[in-house]
Participant: 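Can you read through this structure? Questions will come right after.
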Amino acid sequence: MDKKCYVIMPYGGDDPERRKRFEGVYRSIICPAAAAAGYDAIREDHEATPGSITRNIILNLASAEMVIADLTGGNANVFYELGIRHVLTKSRTVLICHKDYPIPFDTSAYQVIPYTDDVFSSHEVHKKIVEAIRMREQAEAVPDNSVHDFFPELPVSVLEMLTQDEDAEKQRIRELTAENGRLKERLRSAGLRDDDNLHLTARELFAKARKGIPYAGKSAMVKLRELQEAGKVEKFVDFLEEVVEAGHLTEGEYIAVSQMCSLMDLPTVKQALLEVALERFPRNERLRALLVDLYADGYSTRSRAVELVNEEIGVTVDENGVYTLDAGKALRVSEHQLGSFFDTYNSCDKYEEVVIVSQQLLDAACPHTAMIYRNMGNAYLELGRPQEAREKYEAMLALDYNDDRNHMAYSRYFDKIHDPVGSYKEVEIALALDKEDANRYLTLAGQMFDFRYVRKDAENFAQVSRAEIIAAAVPLVFHTILLSQDRLTLNRAKDFLIRNGCSEYCQVMEDQIRAGSFPDYSRLNPYPLEYCLRLEPRR
């Protein structure tokens, strides 16, 4: 096994009984569980002291593919090292604690696996640790700590980012050096000397660089985030204007700041920001898509949104309203660009136009055929033509049955023709095709509340009472917390339960998480959830 699982835990100090106890936890619980998940468990063989965390410990915290932290007893060194790990990595950290010790508040919102001194329960503890490791492996971009919940733009791994940044910086220097050479050549060609007061002195260059520090990189992002969190709108906008004028923001930072503008409900500022960003980075599809979405949301800017997406995929409209597609450009269009086109036309209620352009895309042999059929089906459904919609959906599934989005689209068809069981089955398939998507579990739970249908066994459904709906839907909602322990997912689950009149289960959920017994499905009906988790519909 080449993968490393670094263990941070108490060692017991000078108390021989405590040392023996924690050594037992390490050897009988942690090491076997790590090995079962494919990792070599390692830990420092000496007691770390405050203020003297060794270079080796920090390197292990930064580089280990997985970390297991035992929070038992509230050991200061353990929490210091856990804090370092949480800053350096977004995920891949598993927390455990003896059941008799209270879990600190700052970590109680995240999954903590309890263990006991009972050797007969160790198998179940092993299983939970292995499951937690697998979950973090499959969703390493999902934060498992409050640092990355609060700063979602932080990299998955700071160590990897530093290595990549160093390579990127060297490449940037090479590019700037080459550009400088080309500019000098142009000056010489124009009969100008490149040393006639055109260069600043080193001192002047550094003075200029110092002035730019607050408006570049992490310094600017931290201050913008602070102003956003404090709700200081005027100061945020003033400082943002200075940052944008300074011109040091990267493509990713423009996207992160646009999200801050959304949180502060500043659509006009966001629009101005994205317009500048797209002018500076015209090839960035993500920036273009964000601006298109913003334009599509505003009545006065919808026409601009349509112009942008038409330009992206090569659609022209003449004075008679005839739509013509550039077949050559259609062959080169990316899935992201085509998705932005359809999203914009749908938000503008241009369903007839979707059908017209879609047919031209098919005639031009555009490679994203399943997406085209899906959007044609959606358009026909909105136009009140269900038979044509069904034909397109079936063609879509024949091409790509394994895309969960296709089944979610088909479920809308069954909603429209008032077939709740057909709609329920399609959502089940979508969930089974992407068991890591929390939205699918909430959608299926919503289906139950909307139509009062629940799967009873592999072949049958039944309309049931509200109490039975709650018993079947709550396990689906609880499962979203198993997928991700971040606060956003927890709040979404709570909001769903409150909106559907099940607010008492918010407290049940929190109590179970705190007690380490989550999820407890006693007095509930987990069969509909278990059916989806067992279902393997791929073709």
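When a residue number appears, it is its place in the shown sequence, counting from 1. It should be emphasised that the depicted structure is a prediction, and the values quoted were computed from it without experimental measurement.
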Participant: Would you check if the side chain of Arg412 reaches a backbone N or O of Met408 as a donor-acceptor pair within less than 3.5 Å?
Facilitator: no
Participant: Could you tell me whether Arg440 and Asp404 have a side-chain N and a carboxylate O separated by less than 4.0 Å?
Facilitator: yes
Participant: Does the cation-pi check pass for Arg455 over Tyr531, that is, NZ or CZ under 6.0 Å from the six-membered ring centre and within 45° of its axis?
Facilitator: yes
Participant: Taking the inter-plane angle between the rings of Phe281 and Tyr254 on a 0 to 90° scale, is it parallel (under 30°), tilted (30 to 60°) or perpendicular (over 60°)?
Facilitator: perpendicular
Participant: For Ser358 and Phe342: C-alpha separation, side-chain torsions, deciding distance, then whether side-chain contact (heavy atoms from CB on, under 4.5 Å) applies.
Facilitator: CA-CA 9 Å; Ser358 292; Phe342 283 126; 3.4 Å; yes
Participant: Mind checking whether Phe518 and Phe478 have parallel, tilted or perpendicular rings, split at 30° and 60°?
Facilitator: tilted
Participant: I'd like to know if Lys90 pairs up with Asp144 as an ion pair, taking the criterion as any Lys NZ or Arg NE/NH1/NH2 lying under 4.0 Å from an Asp or Glu carboxylate oxygen.
Facilitator: no
Participant: Above 12 or not: heavy atoms from other molecules or residues under 6.0 Å from CD of Glu241?
Facilitator: no
Participant: Output yes when a side-chain donor or acceptor of Asn284 lies under 3.5 Å from a complementary backbone atom of Arg286, and no otherwise.
Facilitator: yes
Participant: Compare all side-chain heavy atoms of Thr250 with those of Glu253 and state whether any distance is below 4.5 angstrom.
Facilitator: yes
Participant: For side chain to side chain donor-acceptor pair (under 3.5 Å), just list the numbers for Ser423 and Gln447, CA-CA rounded to whole Å, side-chain angles, deciding distance to a tenth of an Å, and then say yes or no.
Facilitator: CA-CA 8 Å; Ser423 179; Gln447 287 266 17; 2.7 Å; yes
Participant: List the steps, then state whether salt bridge (charged side-chain N to carboxylate O under 4.0 Å, His left out) holds for Glu137 with Arg134.
Facilitator: CA-CA 5 Å; Glu137 288 176 332; Arg134 294 281 182 254; 3.2 Å; yes
Participant: Any side-chain to backbone donor/acceptor pair from Asn145 onto Val147? Under 3.5 Å, distance only.
Facilitator: yes
Participant: Between Arg452 and Met448 (side chain of the first, backbone of the second, donor and acceptor by atom type, cut-off under 3.5 Å), is there such a pair?
Facilitator: no
Participant: For Phe496, is there any backbone N or O sitting under 3.5 Å from a side-chain donor or acceptor partner on Asn500?
Facilitator: yes
Participant: To the closest 0.5 Å, what do you measure between CD (Gln228) and OG (Ser262)?
Facilitator: 10.0 Å
Participant: Do the non-hydrogen side-chain atoms of Asp415 and Tyr413 ever get within less than 4.5 Å of each other?
Facilitator: no
Participant: Between Met260 and Phe236, is any pair of side-chain heavy atoms under 4.5 Å apart?
Facilitator: yes
Participant: Compute both the distance and the angle, then confirm whether Lys4 meets the cation-pi test with Tyr39: under 6.0 Å from the six-membered ring centre, within 45 degrees of the axis.
Facilitator: no
Participant: Do Phe461 and Lys425 have side chains that get closer than 4.5 Å, going by heavy atoms?
Facilitator: yes
Participant: For the CG atom of Leu529 and the CZ atom of Arg534, what is their distance to the nearest 0.5 Å?
Facilitator: 9.5 Å
Participant: Quick check against the 3.5 Å criterion: does Tyr393 have a side-chain atom that pairs as donor or acceptor with the backbone of Asn378?
Facilitator: yes
Participant: Heavy atoms, side chains only, cut-off 4.5 Å: are Tyr295 and Arg302 in contact?
Facilitator: no
Participant: Please check if atom CZ in Arg283 has more than 12 non-hydrogen atoms from other residues, nucleotides or ligands closer than 6.0 Å.
Facilitator: no
Participant: Could you check if a side-chain atom of Arg390 sits within less than 4.5 angstrom of a side-chain atom of Tyr380, using non-hydrogen atoms only?
Facilitator: no
Participant: Supply the atom-to-atom distance Asp293 CG to Ser347 OG, rounded to the nearest 0.5 angstrom.
Facilitator: 7.5 Å
Participant: Nearest 0.5 angstrom please: Leu325 CG to Asp363 CG, how far?
Facilitator: 9.0 Å
Participant: Determine, step by step, whether Val237 and Leu266 satisfy the side-chain contact (heavy atoms from CB on, under 4.5 Å) criterion, reporting the C-alpha distance in whole Å, the side-chain angles of both residues, the deciding distance to 0.1 Å, and the verdict.
Facilitator: CA-CA 9 Å; Val237 175; Leu266 297 172; 4.1 Å; yes
Participant: So do Leu431 and Asp437 actually touch side chain to side chain, heavy atoms under 4.5 Å?
Facilitator: no
Participant: Set out, in order, the CA-CA distance, both residues' side-chain angles and the distance that settles side-chain contact (heavy atoms from CB on, under 4.5 Å) for Tyr401 and His407, then state yes or no.
Facilitator: CA-CA 8 Å; Tyr401 188 86; His407 292 277; 3.4 Å; yes
Participant: Going by side chain to side chain contact (heavy atoms under 4.5 Å, CB included), Asn406 matches just one of Leu433, Leu399, Asp400. Which one?
Facilitator: Asp400
Participant: Counting distance only, does the side-chain N/O of His148 pair as donor-acceptor with the main-chain N or O of His86 below 3.5 Å?
Facilitator: yes
Participant: Quick one: does His479's side chain have a donor or acceptor within less than 3.5 Å of a partner on Val474's backbone?
Facilitator: no
Participant: Rounded to the nearest 0.5 Å, what separates atom CG in Asp326 from atom CG in Leu331?
Facilitator: 9.0 Å
Participant: Is there a donor-acceptor pair under 3.5 Å between the side chain of Arg85 and the backbone N or O of Leu61?
Facilitator: yes
Participant: So which of Gln337, Glu311, His336 actually passes side chain to side chain contact (heavy atoms under 4.5 Å, CB included) with Arg288?
Facilitator: Glu311
Participant: So do the side chains of Val244 and Arg280 get within less than 4.5 Å of each other, counting heavy atoms only?
Facilitator: yes
Participant: How long is the gap from CD1 on Ile133 to SG on Cys5, to the nearest 0.5 Å?
Facilitator: 5.5 Å
Participant: Considering only NZ, NE, NH1 and NH2 on the basic side and carboxylate oxygens on the acidic side, decide whether Arg405 and Glu335 come within less than 4.0 Å.
Facilitator: yes
Participant: Would you please test Leu274 and Leu278 for side-chain contact (heavy atoms from CB on, under 4.5 Å) and show each step?
Facilitator: CA-CA 6 Å; Leu274 291 173; Leu278 192 59; over 6 Å; no
Participant: Whether the side chain of Thr301 engages the backbone of Arg304 through a donor-acceptor N/O pair (distance < 3.5 Å, no angle test) should be reported.
Facilitator: no
